[in-house]
Structures are given as C-alpha cells and as structure tokens.
Chemist: 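Supplied in structure tokens, the structure appears directly below.
In what follows, every chain begins at residue 1, and chains take the letters A, B, ... in the order their sequences are listed. Quick note: numbers below take in every heavy atom, side chains included, and nothing from hydrogens, waters or symmetry partners.
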2 protein chains.
Amino acid sequence: MDKKDLKLLEILQRDASVPLAQLAQEVNLSPTPCWRRIQKLQEAGVIARQVVLCDAGKLNVPLTVFVSIRTSQHNEAWTRRFVEAAAGIPEIVEIYRLNGEIDYLLKLAVPDIARYDAVYKRLIQSVELADVSSAFAMEVIKSSTVLPLDYALERRQGAA
Amino acid sequence: MDKKDLKLLEILQRDASVPLAQLAQEVNLSPTPCWRRIQKLQEAGVIARQVVLCDAGKLNVPLTVFVSIRTSQHNEAWTRRFVEAAAGIPEIVEIYRLNGEIDYLLKLAVPDIARYDAVYKRLIQSVELADVSSAFAMEVIKSSTVLPLDYALERRQGAA
DNA sequence: GATGAAAGCTTTTCCCC
DNA sequence: GGGGAAAAGCTTTCATC
C-alpha cells in the first residue's frame with residue numbers, strides 16, 4: 001500500500017462511480033495498473049464493499065436516536081439474547097459494546113419519537129435491560145463513511 | 001416509490017456492484033425500466049451517493065471512540081468555531097447535536113488510545129469545552145449503512 | 001410503462017516492456 | 001510494477017408496442 005493506493009481510496013470512499021479512466025488519471029497511471037491496484041485492495045479486504053448510501057429523510061427515517069444501555073447481567077446467555085434481538089431489528093443500524101458506565105450504545109434510524117418508542121418496547125420485551133436512556137439527534141453536523149487514511153502507511157502488527 | 005423500488009434499494013444498500021441485468025431479474029423487470037427506476041431514485045436524492053466502505057482495521061484505525069461533549073457556551077460564535085474545528089478533523093467521522101444532558105456526540109476512528117488523546121488535545125485547543133467524556137468501543141456488534149425501508153411507503157409531509 | 005435490440009462506454013484480459 | 005490494445009461485458013439509448 002502506497003500513496004497512490006491511498007489516493008484511490010480517498011476518491012472511492014467519496015464516490016465509487018468515478019470511471020476507471022478518470023481514477024487512473026488522478027493517480028498518474030494508465031487504466032490497467034490502476035485497475036490492478038483496486039483489485040488488490042478488494043482482495044486484501046481494504047475495500048470491504050461497494051454500496052449506495054440513501055437519504056434518511058427521503059426514506060422517512062429522519063430521526064437518529066442514540067440509546068445507552070446498562071445491564072446487570074454480564075453472562076454469556078444474556079449477551080447472546082441481547083445481540084440477536086438487537087441486531088435483528090432493522091431500525092437499529094449500529095451496536096457497540098463500550099467500556100465504562102455504559103455497556104452498549106445503539107444508533108437507530110426512525111421516523112419519529114413515537115416510532116422510536118415502538119422499537120424501544122420491542123427491544124425491552126425481548127431482553128431484560130437494567131437501565132436504558134436515549135438521546136435524540138437535533139442536528140446531524142457530520143455523517144461520513146470516509147475513514148482517515150493518515151495512519152494506513154504506518155508499520156503495525158499484522159499489516160499486509 | 002413502490003415495492004420494486006424498495007427491493008432495489010434493499011439490494012443496492014448492501015451491494016452496489018450488482019449488474020443491472022441481475023437487479024432487473026430480482027424485481028421481475030427488464031433492464032431498461034429497472035435502469036430508469038434507479039435513475040429516478042438518484043435524481044430524487046433517495047440514493048444520495050455510491051461509495052466504497054473500507055475496513056477500519058486494515059486502514060490502521062481499528063478503534064472507535066465516542067466522545068460526549070457538554071458546553072456552557074450556547075452562542076452562535078462558539079458553535080461555529082466548534083463545528084468548523086471538529087468537522088475538519090478527519091478522525092472525527094460523525095458529529096451530532098443532541099437533546100438532553102449531552103450537547104454533542106462525536107464518533108472517531110483512530111489507531112489506538114494514544115492517537116485518540118492526540119485528537120482530543122487538538123480539539124480542546126481549538127475550542128473551549130465544558131465537559132468531555134469518552135467511551136471506547138470494545139466490540140463492534142453491528143455497523144451498517146443500511147437504513148430501514150419499512151417506513152418509506154408511508155404518506156408523510158413533503159413526500160415525493 | 002414495458003420490451004428487445006443496437007450503440008456507446010467501461011471494465012477486464014492479454015501480451016509486451 | 002507499468003503500459004497499450006483487443007476482447008468482453010455492462011449501461012444507456014432508441015424504436016416499438
């Protein structure tokens with residue numbers, strides 16, 4: 001992985017519909033080696049997938065909700081039930097296990113507060129949760145799938 | 001927007017590299033009307049962009065950090081400075097203004113805790129923050145850019 | 001609106017440097 | 001590892017129903 005690869009990733013993370021010929025030009029390469037680089041990035045799993053991003057408002061889910069969950073039950077059976085229940089709910093788009101006060105953080109995409117409450121009820125029906133608190137996004141200031149590339153060239157354990 | 005459009009979005013949100021011929025088959029359409037539907041979804045902004053998603057680990061930013069920020073200064077000048085400073089830092093991938101206790105929630109992608117601290121210092125140098133607390137993702141259980149489609153067909157204000 | 005076929009591009013391969 | 005040209009494949013348009 002070198003600077004040209006990073007340049008390609010920088011472009012493709014923002015717009016994957018750029019034609020190969022133009023990509024090649026941007027990195028001062030001809031289409032063939034440029035194509036081979038992208039192919040390698042895919043095979044290596046650096047490029048994980050190619051997707052379309054939809055507009056949440058246009059899909060009638062303009063409200064982003066963050067749900068903080070604390071649990072008293074830290075056993076494996078509970079965890080499995082929780083993960084299965086939560087991961088299967090399409091409104092729950094992200095789930096993280098955190099350190100510190102909060103055990104799990106969930107990010108939801110819903111139409112409104114009433115619909116959030118419906119999802120909330122569905123979730124607490126499936127698993128026992130010690131403490132749940134939610135916060136609503138009043139404003140999305142930045143929302144990006146673009147990862148920083150500044151660290152990718154550093155030597156690290158397990159690097160390709 | 002009808003069921004066929006939703007089916008297309010469902011597929012494309014997961015994999016935008018599916019050839020048109022296959023997409024058409026999945027929705028029982030021939031390539032041309034299928035293509036026109038996708039075109040319309042793009043023009044309407046339902047499909048906002050097409051991107052590649054990278055593997056955070058392979059880019060040497062395996063650590064996701066959530067930063068909760070409280071501020072005492074709720075004036076416009078402070079907000080502008082904060083937003084400009086935070087949005088310009090590539091490690092900060094998402095920024096939300098929340099209701100309730102926490103004013104802002106940030107999501108970061110960094111190599112390790114030390115690098116998180118460096119970003120943290122950069123941020124507090126730019127703007128005054130009343131209270132900052134961070135939580136590290138020990139485990140990413142679900143991380144998806146797939147929005148729920150179940151509400152898209154409902155009648156709503158401003159719907160296309 | 002849907003269809004099938006042609007036209008125009010892009011991607012992918014092949015061979016050479 | 002990079003380059004040029006041919007081959008294959010896909011997307012986009014067009015004429016027709």
Side-chain angles (χ1 to χ4, degrees), chain A residues 1-55 58-60 145-147 149-156 158-160, chain B residues 1-55 58-60 145-146 149 152-156 159-160:
Chain A
M1 193 134 76
D2 63 7
K3 281 201 156 188
K4 282 187 203 290
D5 285 324
L6 292 187
K7 178 84 181 175
L8 288 172
L9 290 176
E10 188 190 313
I11 298 167
L12 292 172
Q13 280 196 111
R14 292 173 201 283
D15 184 1
S17 69
V18 177
L20 186 64
Q22 192 184 326
L23 284 172
Q25 213 175 321
E26 301 264 13
V27 295
N28 297 311
L29 238 47
S30 68
T32 304
C34 182
W35 180 82
R36 276 196 290 246
R37 277 166 181 270
I38 295 167
Q39 213 64 13
K40 274 197 178 177
L41 288 168
Q42 283 175 180
E43 279 158 25
V46 178
I47 294 175
R49 48 211 352 252
Q50 184 169 333
V51 302
V52 301
L53 301 179
C54 292
D55 181 300
K58 301 256 163 70
L59 288 180
N60 198 23
T145 57
V146 178
L147 296 173
L149 300 171
D150 301 339
Y151 307 101
L153 293 181
E154 287 174 19
R155 201 166 278 286
R156 65 190 199 279
Chain B
M1 192 132 77
D2 62 6
K3 280 201 157 188
K4 283 186 201 293
D5 286 323
L6 292 187
K7 178 83 181 174
L8 288 172
L9 290 175
E10 188 190 314
I11 298 168
L12 292 172
Q13 279 196 111
R14 292 173 202 282
D15 185 1
S17 69
V18 177
L20 185 64
Q22 192 184 326
L23 284 172
Q25 212 176 323
E26 302 264 14
V27 295
N28 297 311
L29 238 47
S30 67
T32 305
C34 183
W35 179 82
R36 274 198 291 250
R37 278 166 181 270
I38 294 167
Q39 212 65 13
K40 273 196 179 175
L41 289 167
Q42 282 174 180
E43 279 158 25
V46 179
I47 293 175
R49 48 212 350 253
Q50 183 168 333
V51 301
V52 301
L53 301 179
C54 293
D55 182 298
K58 300 256 163 72
L59 288 181
N60 198 25
T145 57
V146 178
L149 299 171
L153 293 182
E154 287 176 18
R155 201 166 278 287
R156 65 191 199 279

Chemist: Taking side chain as C-beta onward, heavy atoms only, is B/Leu20 less than 4.5 Å from B/Ile38?
Modeler: yes

Chemist: Between A/Leu12 and B/Val51, does a side-chain contact (heavy atoms from CB on, under 4.5 Å) hold up when you go through it step by step?
Modeler: CA-CA 6 Å; A/Leu12 292 172; B/Val51 301; over 6 Å; no

Chemist: Enumerate all atom pairs, one protein N or O and one N or O from nucleotides 1-4 of chain C, separated by less than 3.5 Å.
Modeler:
{"unit_1": "C/dA2", "atom_1": "N7", "unit_2": "B/Arg36", "atom_2": "NH2", "d": "3.2"}
{"unit_1": "C/dT3", "atom_1": "OP2", "unit_2": "B/Ser30", "atom_2": "N", "d": "3.0"}
{"unit_1": "C/dT3", "atom_1": "OP2", "unit_2": "B/Ser30", "atom_2": "OG", "d": "3.0"}
{"unit_1": "C/dG4", "atom_1": "O6", "unit_2": "B/Thr32", "atom_2": "OG1", "d": "2.9"}

Chemist: Taking only residues two or more places apart in sequence, or in another chain, which ones meet A/Val146 in a side-chain contact (heavy atoms from CB on, under 4.5 Å)?
Modeler: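 Scan of A/Val146 (side-chain contact (heavy atoms from CB on, under 4.5 Å), adjacent residues dropped) gives A/Gln13, A/Arg14, A/Ser144.
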
Chemist: From CG of A/Leu20 over to P of D/dG2, roughly how many Å is that when rounded to an integer?
Modeler: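 Nearest whole value for this atom pair: 13 Å.
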
Chemist: Could you state the atom-to-atom distance from CD of A/Gln22 to P of C/dT10 in whole Å?
Modeler: 10 Å

Chemist: Dump the pairs, protein N or O against N or O of nucleotides 7-9 of chain D, anything under 3.5 Å, distances to one decimal.
Modeler:
none

Chemist: With sequence neighbours excluded, give me every salt bridge (Lys or Arg N to Asp or Glu O under 4.0 Å) pair touching residues 29-39 of chain A.
Modeler: A/Asp2-A/Arg37, A/Asp5-A/Arg37

Chemist: Does anything in residues 40-51 of chain B pair up under side-chain hydrogen bond (donor to acceptor under 3.5 Å, both in side chains), and if so which pairs, sequence neighbours excluded?
Modeler: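 As it turns out, there is no side-chain hydrogen bond (donor to acceptor under 3.5 Å, both in side chains) pair with a partner in residues 40-51 of chain B once direct neighbours are skipped.
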
Chemist: Tell me the interatomic distance from A/Trp35, atom CH2, to D/dA5, atom C1', rounded to whole angstroms.
Modeler: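 So the CH2-C1' distance, A/Trp35 to D/dA5, works out to 16 Å.
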
Chemist: Would you mind listing every side-chain hydrogen bond (donor to acceptor under 3.5 Å, both in side chains) that reaches into residues 16-34 of chain B, with sequence neighbours excluded?
Modeler: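 Only B/Asp15-B/Ser17 qualify under side-chain hydrogen bond (donor to acceptor under 3.5 Å, both in side chains).
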
Chemist: Between B/Asn60 and A/Tyr151, is there a donor-acceptor pair closer than 3.5 Å when you use the side chain of the first and the backbone of the second?
Modeler: yes

Chemist: Can you check the B/Ile38 CD1 to D/dT12 C1' distance for me, whole Å?
Modeler: 12 Å

Chemist: Is it the case that the side chain of B/Lys4 and the backbone of B/Val27 share a donor-acceptor pair, with hydrogens and angles ignored and the cut-off at 3.5 Å?
Modeler: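 Yes.
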
